[in-house]
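FYI, side chains are in, hydrogens and waters are out, and symmetry mates aren't considered; it's all heavy atoms of this structure. Sequential numbering from 1 along the given sequence is applied to the chain's residues.
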Amino acid sequence: MLKLLSFITCCLLSTMSFAQNNAVGIFQNHADVGRPKNAGASTYEQATQTYHLKGGGSNIWFNRDEFHYLYNKLQGDFILTANFEFIGKGVDPHRKIGWMVRESADESAASMNAVIHGDGLTVLQWRPIRGAFMRDPQDEIFYPKKTPFQVIQLERTGKKMIMRVANWGEPLQEVGSHELPDMPDAVLAGLFISSHNPDVVEEARVWNVRIDKPVASIYHPNPQIQKTLPKNQPVLGCRLETMTIADGKRKVILESPERFEAPNWMPGGKKLLYNGGGAIYTIPVTGGTPEKLNTGSVTRINNDHGISFNGKQLAISGGREGVAGGSYIYVLQLQGGTPKLITEKSPSYWHGWAPNNKDVAFVAQRDGAKIYNIYKADVTTRKEVALTKNTSGHVDGPEYSPDGKYIYYNANPTGTMQLWRMKPDGTGKEQLTFDENHNWFPHLSPDGKWIAYISFPTDIDPDAHPFYQRVTLRLMPVNGGAPRVIAYLYGGQGTLNVNSWSPDSKSIAFVSNSQVAEPASTEKTK
């Protein structure tokens with residue numbers, strides 16, 4: 001049974017104890033650094049998971065700093081990502097907000113700062129050792145684009161720090177990177193605000209705050225390297241998140257040190273369904289205690305599952321009782337019960353219901369072939385029909401449009417994984433995306449207007465969709481148009497494998513990763 005943990009516990013790696021009354025949201029402590037003339041403050045709004053920062057201070061520069069700081073103690077590599085916004089017009093155009101990494105809370109500490117100014121000036125700046133005077137321009141990297149970027153990311157990898165920025169809807173853009181060889185392994189890291197005017201207190205709001213602890217290439221994009229890695233690898237914890245499409249605001253509703261995957265939004269919009277530990281669970285969209293769904297003797301369920309258009313049936317993919325390994329497709333009543341076997345052969349991975357609630361689309365290997373193809377099957381007769389007959393490449397994620405006119409899927413005949421669609425009989429194939437990313441799992445909104453999908457980095461094997469990658473979720477109009485980025489996260493396999501749109505087409509649900517948990521074996525995935 002997955003254990004529901006507090007939002008505070010699972011987002012951070014701590015070796016320092018702080019007073020309980022100093023904790024704010026996922027952060028262990030907040031304080032004014034450098035004794036600014038006017039005190040700052042930090043608060044957390046649980047309902048929206050938004051942080052409000054107030055801070056004064058003369059500057060963050062030269063050999064000492066004055067600002068308000070909301071921080072954790074972190075160790076090793078990490079990725080800090082959040083949306084920032086000043087409140088009000090402000091007094092000084094050089095008021096600052098962003099992410100900061102420091103060796104200590106001392107006013108003269110060595111630090112690395114990912115900074116956005118009130119006038120849009122964007123800069124990565126640093127103090128290499130305690131007490132050193134920060135120099136202009138030697139200790140900073142200016143970004144040529146001057147705009148109040150909303151998304152700020154600061155990543156630490158070894159001794160290197162990398163700053164990236166974006167306005168919501170756009171890909172992250174790298175500002176620059178720099179190494180601090182004397183920065184200790186254990187550091188303070190968090191949000192900051194400085195008014196750049198000792199007589200003024202400025203305000204900002206920060207949301208979609210995520211502290212991710214990446215791991216080495218556990219599931220390496222190169223299959224030959226993956227074969228040489230130990231079988232039992234550390235497993236990252238998971239967050240179950242919901243996001244409103246209109247503004248990109250995210251909420252974490254469940255967090256666990258164990259792996260879970262692939263949410264479906266249930267009819268009525270009040271609950272989510274997901275898989276974890278070989279079982280299916282449901283949970284209210286507002287959070288709470290997960291409840292295990294009765295799936296009878298099918299207990300090795302993977303992340304390919306979904307709900308029929310009429311909201312009455314659930315398709316699952318999983319192991320078969322008495323048979324070692326393999327994935328088969330079953331159908332059962334949504335409220336739980338005895339599953340009916342649909343596919344006699346394995347491997348078979350479900351991906352889409354037809355609007356007639358009688359057919360399902362899936363990918364499978366048949367007759368000894370090593371290539372996956374797209375099939376459909378009648379859930380009553382169990383008769384399956386091949387819709388593609390590829391002899392090379394990879395296809396995945398077939399999903400019917402709500403009007404039944406098309407099956408959407410991803411394929412890589414061009415060498416890059418892109419989104420495609422075809423008619424329900426397998427004819428009329430059309431490519432829909434044409435970029436450098438590897439795009440997977442197109443999911444259509446219930447109103448038929450949008451496609452949500454996940455994009456993997458360019459260095460990933462185009463046949464693979466591995467765990468633990470720097471991925472983005474994207475949105476594009478069904479009738480064509482440029483996609484936009486709606487979420488930046490650390491995830492991959494299990495993040496968005498199945499349709500997770502809310503019934504009103506206003507939100508989606510997905511899974512992101514957080515930090516390393518105890519080692520565990522991994523299930524084989526396609």
Side-chain angles (χ1 to χ4, degrees), residues 2 7 10-11 49 79 81-83 151 168-169 172 207-212 236-256 258-266 269 271-276 280-287 290 302-307 351 396-397 399 410 419 437-446 450-457 465-476 483-514 525:
L2 292 178
F7 185 54
C10 295
C11 281
Q49 298 183 2
I79 305 172
T81 311
N83 292 59
V151 182
W168 186 67
L172 286 166
W207 65 100
N208 292 350
V209 178
R210 299 294 181 268
I211 299 176
D212 298 319
L236 291 189
C238 289
R239 310 182 190 99
L240 178 55
E241 303 194 38
T242 61
M243 177 177 64
T244 52
I245 294 299
D247 57 16
K249 291 186 176 179
R250 297 157 55 177
K251 291 183 181 180
V252 175
I253 68 165
L254 173 69
E255 195 156 6
S256 171
E258 301 171 359
R259 180 181 299 150
F260 60 82
E261 303 173 304
N264 300 126
W265 214 297
M266 298 184 72
K271 290 185 176 183
L272 296 170
L273 174 152
Y274 63 93
N275 69 285
I280 294 289
Y281 295 87
T282 64
I283 187 173
V285 296
T286 54
N302 57 50
N303 56 33
D304 295 319
H305 45 75
I307 302 165
H351 274 283
D396 211 335
E399 183 173 303
N410 53 275
L419 303 189
N437 302 296
H438 295 300
N439 301 316
W440 286 73
F441 302 132
H443 301 309
L444 278 76
S445 57
W450 301 100
I451 303 172
Y453 63 97
I454 183 171
S455 286
F456 286 81
H465 52 110
F467 296 94
Y468 311 154
Q469 304 295 323
R470 293 155 180 79
V471 299
T472 57
L473 304 187
R474 299 184 181 227
L475 189 74
M476 64 180 293
R484 70 174 188 262
V485 177
I486 54 175
Y488 317 85
L489 59 124
Y490 196 63
Q493 171 70 280
T495 290
L496 199 76
N497 292 56
V498 294
N499 193 303
S500 60
W501 281 92
S502 61
D504 62 7
S505 300
K506 293 182 179 180
S507 301
I508 63 169
F510 58 91
V511 170
S512 62
N513 294 122
S514 52
T525 55

Rounded distance (nearest 0.5 Å) linking atom [atom1] of [X] with atom [atom2] of [Y]:
X    : Y    : atom1 : atom2 : value
W265 : S502 : CH2   : OG    : 5.0 Å
I486 : R250 : CD1   : CZ    : 10.0 Å
F510 : I508 : CZ    : CD1   : 6.0 Å
K249 : W207 : NZ    : CH2   : 6.0 Å
D304 : N275 : CG    : CG    : 8.5 Å

List the residues meeting side-chain hydrogen bond (donor to acceptor under 3.5 Å, both in side chains) with [X], not counting sequence neighbours, and say none if there are none.
X    : result
N513 : none
N264 : H305
T244 : D247
H438 : none

Sub-3.5 Å donor-acceptor pair from the side chain of [X] to the main-chain atoms of [Y], do we have one?
X    : Y    : answer
Q469 : F467 : yes
N499 : L444 : yes
H443 : V498 : yes
Q49  : V252 : yes

Quick check: closest heavy atoms across [X] and [Y], and the distance to 0.1 Å?
X    : Y    : answer
P442 : N410 : CD-OD1, 4.0 Å
I454 : G492 : CD1-O, 3.9 Å
S500 : A509 : OG-O, 2.6 Å
C238 : R259 : SG-CA, 3.8 Å

Review point. Between Y468 and Y490, how do the two ring planes meet: parallel, tilted or perpendicular, split at 30° and 60°?
Key: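 Answer is parallel, since the angle falls under 30°.
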List the residues meeting side chain to side chain contact (heavy atoms under 4.5 Å, CB included) with [X], not counting sequence neighbours, and say none if there are none.
X    : value
A452 : L475, W501
N439 : Q418, L419, T433, D435, N437, Y453, S455
T81  : I79, V151, Q153

Can you find a pair of side-chain heavy atoms, one from [X] and one from [Y], that are under 4.5 Å apart?
X    : Y    : value
E261 : T495 : no
P290 : F260 : no
T286 : K251 : no

Review point. When you check the side-chain N and O atoms of Q493 and N303, is any donor under 3.5 Å from an acceptor?
Key: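 On atom types as modelled, these side chains qualify, holding a pair under 3.5 Å.
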Practice item. Tell me, with the steps shown, if E399 and H351 meet side-chain contact (heavy atoms from CB on, under 4.5 Å). Key: CA-CA 6 Å; E399 183 173 303; H351 274 283; 5.8 Å; no
Review point. What pairs of residues pass the salt bridge (Lys or Arg N to Asp or Glu O under 4.0 Å) test when at least one of them lies in residues 466-475, not counting sequence neighbours?
Key: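 Pairs touching residues 466-475 that pass the test: E155-R470.
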**Study point:** Worked verdict on L240 versus L272 for side-chain contact (heavy atoms from CB on, under 4.5 Å)
**Key:** CA-CA 10 Å; L240 178 55; L272 296 170; 4.0 Å; yes
Check your understanding: Is any side-chain N of the basic residue among E241 and R210 closer than 4.0 Å to the acidic one's carboxylate O?
Key ->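 Yes, this pair counts.
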Check your understanding: Between S514 and R239, is a side-chain hydrogen bond (donor to acceptor under 3.5 Å, both in side chains) present by the stated rule, with each step listed?
Key -> CA-CA 7 Å; S514 52; R239 310 182 190 99; 4.9 Å; no
Practice item. Please lay out, stage by stage, how Y281 and I283 fare under the test side-chain contact (heavy atoms from CB on, under 4.5 Å). Key: CA-CA 7 Å; Y281 295 87; I283 187 173; over 6 Å; no
Review point. Could you walk me through whether L489 and L473 pass the side-chain contact (heavy atoms from CB on, under 4.5 Å) check?
Key: CA-CA 8 Å; L489 59 124; L473 304 187; 3.7 Å; yes
